[in-house]
Amino acid sequence: MAINLKVNGSSRSVPAEPDTPLLYVLRNDLQLNGAKFGCGLAQCGACTVMVDGKPVRSCVTQIGTLGGAEITTIEGLGTAQKPHPLQKAFIDEQAVQCGYCINGMIMSAKELLDRKARVSEADVRDALAGNLCRCGTHNRIVAAILRAAKEMGRT
Amino acid sequence: MNAPTLTRRGFNKGAGGIVLAFSLLPAEVLAQAAAARLPGSLNNNRLLDAWIRINADGTATVHTGKVELGQGILTALWQIAAEELDLPLSRVTITQVDTSRSPNEGFTFGSQSIENSGVALRLAGAEARAILIELAAKKLGADAAALKVADGVISAPDGKRVTYGELAAEANLKREASAKVRPKPASEHKIVGKSIPRLDIPAKVMGGAAYVQDLRLPGMLHGRVVRPPRYGAKLESVDEAAARRVPGVVAVVRDGSFLGVIAEREENAVKARAALIAGAKWSGGDTLPDPAKLYEHLRSRPAQTTVSSEKKATVLASAKVIEATYNKPYMSHASIGPSCAVAQFADGRYTVWSHGQGMFPLRVDLAKALKVPPPQIRCIHFEGSGCYGHNGADDAALDAALLARAAPGRPVRVQWMRDDEFAWSPYGCAMSMKVKGALDGGKIVHWDYELWSNTHSMRPANPAGNNLLASWHVADAQKHGSVTNVPIQFGGGSDRNAVPLYDFPSQRVVNHLVGEMPLRASALRTLGAYSNVWASECFMDELALAAGADPVAFRLAHMTDPRAKAVIEKVAAMANWKPGEKGSLSRGRGIAFSKYKNLACYVAVIADVEIDRASGKVRVREAWAATDAGLVINPDGLKNQIEGGIVQTASWTLLEEVRFDRNGIRTRDWSGYPILAMPDVPKVSVELINRPNERPLGSGEGSQGPAGAAIGNAVAHATGKRLRDLPLDAARVKAALG
Ligand code: FES
Ligand code: FES
């Protein structure tokens with residue numbers, strides 16, 4: 001069967017069952033690489049995307065539950081020519097080692113910056129508590145997010 | 001009669017010494033002795049054009065046999081090549097490893113890429129540039145020494161010029177490297193030594209295709225595998241029909257106890273896997289050691305015992321002797337992304353895309369398992385999630401190839417599920433270390449160290465067997481390879497950093513390499529070094545305490561290597577170390593040092609910890625590191641590695657342990673293997689001592705040994721209790737505090 005989804009502002013029809021995890025549809029049907037499979041168990045945050053402005057774990061979100069919700073992935077934030085301040089800050093701070101966790105870090109940070117007018121370092125660390133990174137890139141990630149927050153007038 | 005006495009010195013100087021030296025060389029080194037030994041990886045890949053090609057458009061293509069693992073190595077190698085070629089970075093491309101075109105540099109491991117590939121590219125680059133200059137001299141009718149090179153343009157004093165592109169067709173790089181052209185001195189470096197932004201980062205923050213997981217080939221199918229419930233279990237029967245009823249299932253593949261499924265859609269492969277698990281009957285399987293007695297078990301098994309170092313001096317009976325036993329559990333790579341590979345089988349040939357650390361060695365074992373000659377397999381490297389040694393990447397490659405055989409022509413992508421990764425990726429070895437020290441007059445007069453461990457090297461291409469997981473499960477099963485240990489002169493394996501760098505007048509270091517391997521183990525970042533530095537550097541503090549000495553001063557008093565002293569002094573200054581400072585009940589600080597492998601970078605770390613006495617939870621508040629890695633290629637990249645190593649080590653040291661019981665592995669998801677989360681990550685400061693005139697030293701793994709021991713020493717400093725078993729998790733700390 002086909003299901004309609006609204007992803008990064010456009011409406012897309014995908015040939016998948018309603019119980020299909022959103023992650024597989026994003027990656028395989030819509031060819032969006034950003035969200036990553038890490039655990040499939042809502043434990044690591046690598047698959048984070050936004051649904052109606054809230055961060056969700058796409059590995060456990062069934063597409064049948066989404067209705068007409070607005071789904072935003074990291075591809076919807078910016079492009080190489082026009083990066084989102086968060087993406088730019090991650091490049092400027094070189095806040096990546098393997099980078100497998102970075103999608104989730106940026107998406108969780110985006111939600112924090114959307115939600116709070118002023119963010120502190122402690123806010124950033126708390127907001128990202130559920131996003132695992134194995135390479136130990138945490139401090140650079142925090143620095144990048146604070147840099148973006150400053151750029152966006154949120155510190 | 002005046003007979004000469006044969007002293008050791010005299011013997012080494014005489015002809016006998018030379019004969020002895022040669023007869024100790026292994027056969028393949030002797031064979032190569034005919035051709036002169038070339039530095040770094042040039043020795044095994046001797047043609048210049050294996051490394052560098054100059055293109056007609058004035059660009060250069062650079063090949064390396066080393067792979068990007070998120071450590072930034074391709075960027076550093078790219079800098080080196082561009083520097084020597086005198087080309088801007090924008091006109092140099094560096095390729096990923098592909099067995100159909102890249103130099104064979106074995107594995108990317110042990111922080112050796114700069115020392116091997118970097119040295120090769122430096123010399124090959126300098127030589128290629130010299131060849132171009134020589135050609136230009138003929139063309140321009142000028143003296144080669146008078147020519148100037150900038151950005152790929154060679155100009156003569158009279159203003160005539162020729163570009164690399166114009167010379168490309170004539171420049172013959174299909175010749176053996178001489179390694180005779182001197183590379184640029186550090187003072188002339190324009191690109192090396194700069195923090196060049198990494199090549200791979202933009203795609204990683206934009207959702208670009210950056211990983212093998214992102215590979216999406218036309219007609220690609222999705223595969224999943226089903227592993228036995230415990231080591232050694234045999235598949236008796238399986239209800240394949242239930243799996244085949246899942247829509248879009250293309251094939252169920254069963255070969256002995258290897259079981260897998262391929263489907264058109266990924267979610268259906270996952271569903272079919274669940275159906276196979278539900279319908280599979282297994283028998284038998286190994287019983288694991290009692291985890292409560294793991295270290296006694298390890299120490300009681302038969303072992304190959306070797307002496308890694310021995311130095312004898314008289315130790316007076318009056319010396320004060322203390323001893324202790326340290327232990328380290330099995331640890332997981334715990335990569336955030338489970339292992340993944342894509343394989344295609346067409347016309348009898350396989351193409352395999354993998355994030356393994358060595359495409360050529362992988363091909364060797366794939367060929368054995370698939371029973372085809374290696375040239376019929378092409379392995380192409382694509383990055384995966386962070387890799388800290390030998391994880392499941394190579395195994396996933398064989399899984400994908402076995403499944404692809406059932407759907408000829410169509411690429412099959414296999415991604416392990418989270419439980420596959422935790423239960424089947426090889427672990428870092430459990431180890432036990434007994435150490436004894438004798439003190440006299442406030443100085444260590446004897447050091448006695450014994451360690452027990454499995455091998456840390458069960459990577460592919462071991463000549464005695466096959467080290468790919470599925471090869472042990474198929475009907476025509478193969479055996480795993482033989483137990484080997486990296487020789488100590490190349491940095492050691494289980495005994496890596498077991499020999500202290502301090503100058504003790506008398507010492508004995510013994511390595512018990514245990515053959516029986518109850519849990520599957522192989523290389524995890526630093527091999528034995530983390531564990532050996534943990535034991536040795538914690539024990540240094542125990543001895544300092546017994547001698548009534550300050551830990552920094554005590555270390556310096558036993559050290560003569562000036563570069564080692566410099567990093568210890570530097571980190572003490574960075575952290576404002578105060579000699580004799582007392583820990584409070586909830587706060588402490590510790591220091592530790594190592595020279596990685598005793599061959600690579602020098603790192604000293606100080607850690608400050610905070611202990612919640614009610615729960616026993618330890619938090620590392622802050623850490624400082626001073627590093628000397630010789631000539632620094634990319635300072636920011638190096639700092640990133642040192643810093644990441646410290647954070648990862650804080651996680652290892654405070655939290656990590658693979659859980660198992662007699663029936664098998666219990667760690668199957670993140671709840672069974674917690675790692676350090678964002679709010680608990682320490683602040684880290686790193687300073688580099690750049691030594692532009694020293695050769696660059698491997699550094700990707702340098703901070704882990706000292707970081708762990710510094711944390712252990714800080715906990716002891718705060719609590720007054722010495723904890724010797726890892727990890728220092730809340731339960732263990734609370735129990736110690738009573
Ligand atoms: S992949 Fe979704 S939380 Fe881990
Ligand atoms: S950068 Fe590798 S997991 Fe975070």
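Per chain, numbering begins at 1; letters A, B, ... match sequence-line order.
With a 4.5 angstrom heavy-atom cutoff, A/Asp29 touches chain B only via side-chain atoms. If you measure heavy-atom distances from A/Asp19 to chain B, the contacts under 4.5 Å come from the side chain alone. Residue B/Gln415 touches chain A through its side chain alone, counting heavy-atom pairs closer than 4.5 Å. With a 4.5 angstrom heavy-atom cutoff, B/His333 touches chain A only via backbone atoms. Only the side chain of B/Arg413 comes within contact range of chain A, with heavy atoms under 4.5 Å apart. A/Leu23 does not touch chain B: none of its heavy atoms, backbone or side chain, sits under 4.5 Å away. Heavy atoms of A/Leu128 lying under 4.5 Å from chain B belong to its backbone as well as its side chain. In this structure, chain B has a heavy atom under 4.5 Å from the backbone of A/Thr79, while its side chain stays farther away. In this structure, chain A has no heavy atom under 4.5 Å from any part of B/Pro247. Residue B/Ser671 touches chain A through both its backbone and its side chain, counting heavy-atom pairs closer than 4.5 Å. For A/Ile106, the part lying near chain B is the side chain, with the backbone staying farther off; criterion is any non-hydrogen pair under 4.5 Å. Only the backbone of B/Ser332 has a heavy atom closer than 4.5 Å to any heavy atom of chain A. In this structure, no portion of B/Phe422 lies under 4.5 Å from any heavy atom of chain A. Looking at B/Lys271, the atoms closer than 4.5 Å to chain A (heavy atoms on both sides) all sit in the side chain, from C-beta outward. Using a 4.5 Å cut-off between heavy atoms, A/Ala127 makes no contact with chain B at all.
Note that CE of B/Met206 and CD of A/Gln81 are 8.5 Å apart. Values are rounded to the nearest 0.5 Å. Rounding to the nearest 0.5 angstrom, the gap separating the CE atom in B/Met417 from the CZ atom in A/Phe37 is 4.0 Å. Rounding to the nearest 0.5 angstrom, the gap separating the CG atom in B/Leu676 from the NE2 atom in A/His138 is 6.0 Å. Atom-to-atom distance recorded for B/Gln648:CD and A/Cys133:SG is 9.0 Å, nearest 0.5 angstrom. B/His355 NE2 to A/Cys98 SG: the interatomic distance, rounded to the nearest 0.5 Å, is 11.0 Å. The line from CZ of B/Arg418 to CG of A/Leu41 is 8.5 Å long, rounded to the nearest 0.5 Å.
In terms of heavy-atom pairs under 4.5 angstrom with chain B, the leader among A/Gly34, A/Ala35, A/Cys39, A/Ala46 is A/Cys39. Between chain A and the residues B/Glu421, B/Arg525, B/His222, the largest count of heavy-atom pairs under 4.5 Å involves B/His222. In terms of non-hydrogen atom pairs under 4.5 Å with chain A, the most contact-rich of B/Val647, B/Thr649, B/Val684, B/Asp680 is B/Val647. Heavy-atom pairs under 4.5 Å with chain B peak, among A/Ile74, A/Asn28, A/Asn103, at A/Asn28. Contact count versus chain A (heavy atoms, under 4.5 Å) is highest, among B/Cys340, B/Pro202, B/Pro197, for B/Pro197. Between chain B and the residues A/Gly38, A/Ala16, A/Gly78, the largest count of heavy-atom pairs under 4.5 Å involves A/Gly38. Of the listed residues (A/Arg125, A/Arg134, A/Gln31), the one with the most heavy-atom contacts under 4.5 Å to chain B is A/Arg134. Ranked by heavy-atom pairs shorter than 4.5 Å toward chain B, the options A/Ile91, A/Leu77, A/Ile102 are led by A/Ile91. The residue among B/Asn640, B/Asp419, B/Val270 with the most heavy atom pairs within less than 4.5 Å of chain A is B/Asn640.
Here the closest heavy-atom approach between residue B/Lys683 and residue A/Asn139 is recorded as CA-ND2, 4.1 Å. Across all their heavy atoms, B/Tyr211 and A/Tyr100 have their closest contact at OH-N, 3.3 Å. Minimum interatomic distance between A/Ala129 and B/Ala677 (heavy atoms only, all atoms of both residues): O-CB, 3.7 Å. For A/Pro21 against B/Glu267, the heavy-atom pair with the smallest separation is CD-CB, 4.2 Å.
Judged by distance alone, with hydrogens and angles left aside, the side-chain atoms of A/Gln43 form a donor-acceptor pair with the main-chain N or O of B/Trp670 at under 3.5 Å. Remark: the backbone N or O of B/Pro679 is not paired with any side-chain donor or acceptor of A/Asp126 at under 3.5 angstrom. In terms of modelled atom types and a separation under 3.5 Å, the side chain of A/Gln87 and the main chain of B/Val205 share a donor-acceptor contact.
Contact check on B/Asp214 versus A/Arg27 returns a salt bridge, with a Lys/Arg side-chain nitrogen under 4.0 Å from an Asp/Glu carboxylate oxygen.
When side chains are defined from C-beta on, B/Met678 does not count as touching A/Asn131, because their heavy atoms never get closer than 4.5 Å.
Side chains of A/Gln94 and B/Asp636: a donor-acceptor N/O pair is absent below 3.5 angstrom, by distance only.
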